[in-house]
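The chains referred to below are lettered A, B, ... by the order of the sequence lines, with proteins before strands, and numbering in each begins at 1. In this text, all values refer to a predicted model and were calculated from it rather than measured experimentally.
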Amino acid sequence: MSNYLNELNPQQREAVLHVDGPLMIIAGAGSGKTKVLTTRIAHLMASGVDSFRILALTFTNKAAKEMKERVEKILGNNESRNLYIGTFHSVFARILRAEASKVGYPTSFTIYDTDDAKSVLKTVINELHLDDKIYKPATVYNRISSAKNALVTAEEYANDHGLQQEDARANRPAISQIYKAYASRCFKNGAMDFDDLLLQFYLILKNHPDALHKYQHKFRYIMIDEYQDTNPAQYEIIKLLGGAHENVCVVGDDAQSIYGFRGATIENILLFRKDYDDVKVVKLEQNYRSTKQILQVANEVIGNNKGQIQKELWTENGEGEKIKLVRTMTDNDEGKFIADSIQEQKLRNHFFNKEFAILYRTNAQSRAFEEALRRLNLPYTIFGGISFYQRKEIKDYIAYLRIIVNSRDEEALKRIINYPVRGIGKTTLDKLILVANEQNISVWEVLCRAASFGFKSGTLDAIENFVMMIRSFNSMLKNNTAYDVAFHVGKQTGLVKELFIDKSSEGVQRYENVQELLNSIKEWVDDKQNRSQIDEDGVVMEEQPTFETEKVRPAELDFPEETDETENTVEDGIPDRPIREDVLLSAYLQQISLLTDSDQKDEHADTIKMMTIHAAKGLEFSCVFAVGLEEMLFPSAMSINTREELEEERRLFYVVITRAKKRLWITYANTRYKFGQVVQNEPSRFIKELPEDSIDRTFAGGGFRNQSASPTSASEKMRGWGTQQNTGAGKNSYYTEPKKQPEKPGYLPVTPVSKQVIHQPSADFVASDTSELQAGQKIEHQKFGFGEVLKMEGAAHNPIATIKFELNGEKKIMLNYAKLRIIE
DNA sequence: CGACTGAGTCGGTGG
DNA sequence: GACTCAGTCG
């Protein structure tokens, strides 16, 4: 680690060598920001700073992981594992586990994701008898989230006249009431949402001087990445933590501030200089990533924003190619064009798949690209969208684990109390919740004392069995690893078996997903046992693996053997190794609730990457397709009303441009599907801001569309579309109108057998008494028409007839419900 | 009680 | 086009 300083340019070195006192690094895109941060950490340690005293906060787990790996590489020793590197949320969650009691929360509190939070909101909105058409959970959630990010508690919200007026004007006067109910419900459930991780930690630091002192002392050196995206809650926490020693180093780029919707404010960069005396400021303006052409375009575009910190990116890299501007007829054509272009670039320039990225404004845009890439057999990975842990079968499984760790977790309880079916249905559940609310206790407590609340004996049995089961799981927690508990739960509840039995393709997929879940828990436990340490305060360290671990063997879940209980440390409660706190189920749950989709996918795989521009922040690719540059989409229709919003959209455009190392395509379509309807869009206003000399308009259709969007003549359709291109893509017609139903034959298809033929009941249709119905009788069904009874089965109180209908095939009919007319 | 279906809805980015 | 929800059927 001797020569780490030699690899730095003068500005980078200046930043690294600054050890004590506040430091602000304004780092342009591709200017070696991560390198500076990691080298600075190494330098701090080389200068004698205790590694236990260094805190580095990032916005994504991926950034944290990368930083940790790079520090390790520079240092070449074990010291780096003592560093506190992680996202705001994960670091704070870890600390909160130790300090939760100060705000009245249990140590093993649950972290609610957005779905859980919205579900709680829906519940309280209904309980307050408010109209959920007006108070949509998602809208209310955003409002509450904003409040928390501004450190406004429910009480403060209710007492703030300005906020009350805003809500009244928006016709949602009851938000403060909902906020209060939501907060107290979460509290009752022992659960924090994402924003609570910041808010509650802030409250602890603010109201408990001993805690503040402890963490000020612990974190003598603080570094914050992507400072331009911090919100007021994060800002205040950093201010408190750094208040005593002022060894705070922030790195950011005001031009890349794109999280305004999450409460982030560029103000924080400006305020930083005011909060501390004598802030050292270093600007990194040399770009090592992109070509001159790409930087030229980026600089030009961002120049349209007002009030930014003065800086100009430059590079010693080559000139590079012009940026290709591409206009297609439809969104599907956009997909086809890009798939063809990738194919062609791979052949001509020998790019790998992984060197391409398709970056869009909204997740919904990914579909057209998926289809086009699949058609050409080009492998791709989508980052974002539904994460592994959001899948239903995974959430159900996790819900069991959650309820074991925190029995007050009502959301988890609701998911699994009758899954698999155990006779505690909706009616019972409603009553349970009602009683819980009346008594002001948790649903779990109602379950435990069900006998005293007058449940019927059958239901009572079911409840008591359920409580006993969860309790037996709970007793395992202390002495077993997360994996052992999870495995046991899957087996004992019949959860895994239920999925195993389902042989439909979805069922098989679900079964595999659950196996995958168990594998990942095993991997997590093994990984921890192999390398992590517990630091002096007893706070568990971050668990990012630093090298590829050996793949664990698949979980032993193959059914139908139900026997070998002995193998699992469970019944006797004596594991073969002493159990450390960091392999317990509660630690596992905390960790996964903060994982994003991007964290779970392999970024190094040789596949084309697709993601939103937000998700691409901090990444770089040889070839970038910036797609959907249309008004109403990019900039978003919701962000064109104020200068601030529009400038943030422009920064987003700046971010996507600066992701590209060598080649950049900017594409847009004349029409695209939205909610199943074709809509026409004008090209994005940002396209006009591109410098003409850096743009290749070969595929741009000769400027802006100003006449009808559905050209009628072939020549009009073709206008501006060169046919002479040697790109190989020229032979494709991205601009022809889609054929009408191209695959369908000209004749009417045969009615599919599965389609029901609607029967018009006879005029004299009167339901007969069917208690004596027997095989062989002819009947008429109100909907299915005439048929013959083939056989009778089912219990006496619930007879089921198998009937062969003339037009609709065989059906099983439950006579308790169906209306039949007996003909003979 | 659970599976299915038709109608209605949908404003975006994420930890 | 995809998802959710209320209502219906078995």
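Residue-environment remark: NZ (A/K674) stays at or below the threshold of 12 foreign heavy atoms within 6.0 Å.
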Might you list the N or O atoms of the protein lying below 3.5 Å from N or O atoms in nucleotides 6-8 of chain B, with each pair's distance?
none

At a cut-off of 3.5 Å, list every protein nitrogen or oxygen paired with a nitrogen or oxygen from nucleotides 4-6 of chain C, distance to 0.1 Å.
{"from": "C/dC5", "atom 1": "OP1", "to": "A/K122", "atom 2": "NZ", "distance (Å)": "2.5"}

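Mapping A/K136 and A/N149 onto DNA chain B by nearest heavy atom places A/K136 at the nucleotide closer to the 5' end. Comparing A/S145 and A/K426 by the nucleotide of DNA chain B that holds the closest heavy atom to each, the one mapping nearer the 5' end is A/K426.
The separation between A/F194 atom CZ and B/dG14 atom P is 12 Å, rounded to whole Å. To the nearest angstrom, P of B/dA3 lies 10 Å from NZ of A/K392. In this structure, the CD atom of A/Q677 is 15 Å from the P atom of B/dG11, given to the nearest Å. The separation between A/Y141 atom OH and B/dG15 atom C1' is 8 Å, rounded to whole Å. In this entry the distance linking CD1 of A/I144 with C1' of B/dG15 reads 17 Å, nearest Å. A/N363 places its CG atom 15 Å from the C1' atom of B/dC10, with the value rounded to the nearest Å. Atom-to-atom, CD of A/E647 to P of B/dT13 comes out at 22 Å; the value is rounded to the nearest Å. As a whole-Å value, the separation of A/F59 CZ from B/dG15 P is 10 Å.
Within the cation-pi definition used here (under 6.0 Å to the ring centroid, within 45° of the axis), A/R650 does not qualify as a partner of A/F653.
Counting atom types as modelled, A/D113 pairs no side-chain N or O with a base atom of B/dG15 as donor and acceptor under 3.5 Å. On a pure distance criterion of 3.5 Å, no polar donor-acceptor pair joins the side chain of A/E645 and the base of B/dG12. Side-chain atoms of A/S639 and base atoms of B/dG12 include a donor and an acceptor less than 3.5 Å apart.
Nearest heavy-atom pair across A/N171 and A/Y135 is O-OH, 4.4 Å. The minimum heavy-atom distance linking A/M67 with A/A56 is given by the pair SD-CB, 4.1 Å. Residues A/E603 and A/K62 approach most closely at OE2-CD, 3.3 Å, considering heavy atoms. When every heavy atom of A/V656 is checked against every heavy atom of A/V624, the shortest pair comes out as O-CG1, 4.0 Å. When every heavy atom of A/A669 is checked against every heavy atom of A/D331, the shortest pair comes out as CB-N, 3.8 Å.
Picking from C/dG1, B/dG14, B/dT13 the nucleotide with the shortest atom distance to the side chain of A/R361 gives B/dT13. Among the nucleotides B/dC1, B/dG14, C/dG1, the one closest to the side chain of A/R367 is C/dG1. Out of C/dG1, B/dT13, B/dG11, the shortest distance to the side chain of A/M638 is found at B/dG11.
A distance of about 24 Å separates the C1' atoms of B/dG11 and C/dA6, rounded to the whole Å.
As judged by a 4.0 angstrom heavy-atom cut-off over every strand, A/S636 is placed among the base-contacting residues. As judged by a 4.0 angstrom heavy-atom cut-off over every strand, A/Y259 is placed among residues touching the sugar-phosphate backbone only. Looking at heavy-atom distances under 4.0 Å, A/E649 makes contact with a base.
Between A/T612 and B/dG14 there is a side-chain polar atom (N or O) within less than 4.0 angstrom of OP1 or OP2. Of the side-chain N and O atoms in A/T427, one or more sit less than 4.0 angstrom from OP1 or OP2 of B/dC1. Contact between the side-chain N/O atoms of A/N61 and the OP1/OP2 oxygens of B/dG15 is not found at any separation under 4.0 Å. Remark: A/N142 is not in phosphate contact with B/dT13, judged by side-chain N or O atoms under 4.0 Å from OP1 or OP2.
Taking the six-membered ring where tryptophan is involved, the planes of A/F369 and A/Y360 are essentially parallel, since the angle between them stays under 30° and well short of 60°.
A/F261 qualifies as a stacking partner of the B/dT13 base, centre to centre under 5.5 Å and near-parallel within 30°.
Here A/R169 pairs with nothing under the salt bridge (Lys or Arg N to Asp or Glu O under 4.0 Å) rule; sequence neighbours left out. Partners of A/K609 by salt bridge (Lys or Arg N to Asp or Glu O under 4.0 Å), not counting sequence neighbours: none found. Qualifying salt bridge (Lys or Arg N to Asp or Glu O under 4.0 Å) partners for A/R374, counting only residues two or more places apart in sequence or in other chains: A/E370.
Between A/D131 and A/K136, none of the side-chain N atoms (NZ, or NE/NH1/NH2) sits under 4.0 Å from a carboxylate O, so this pair counts as no salt bridge.
You'll find the ring centres of A/F261 and A/H614 inside the 6.0 Å limit.
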- DNA chain B in dot-bracket, Watson-Crick or G-U pairs under 3.5 Å, [ ] crossing, | other strand? ||||||||||.....

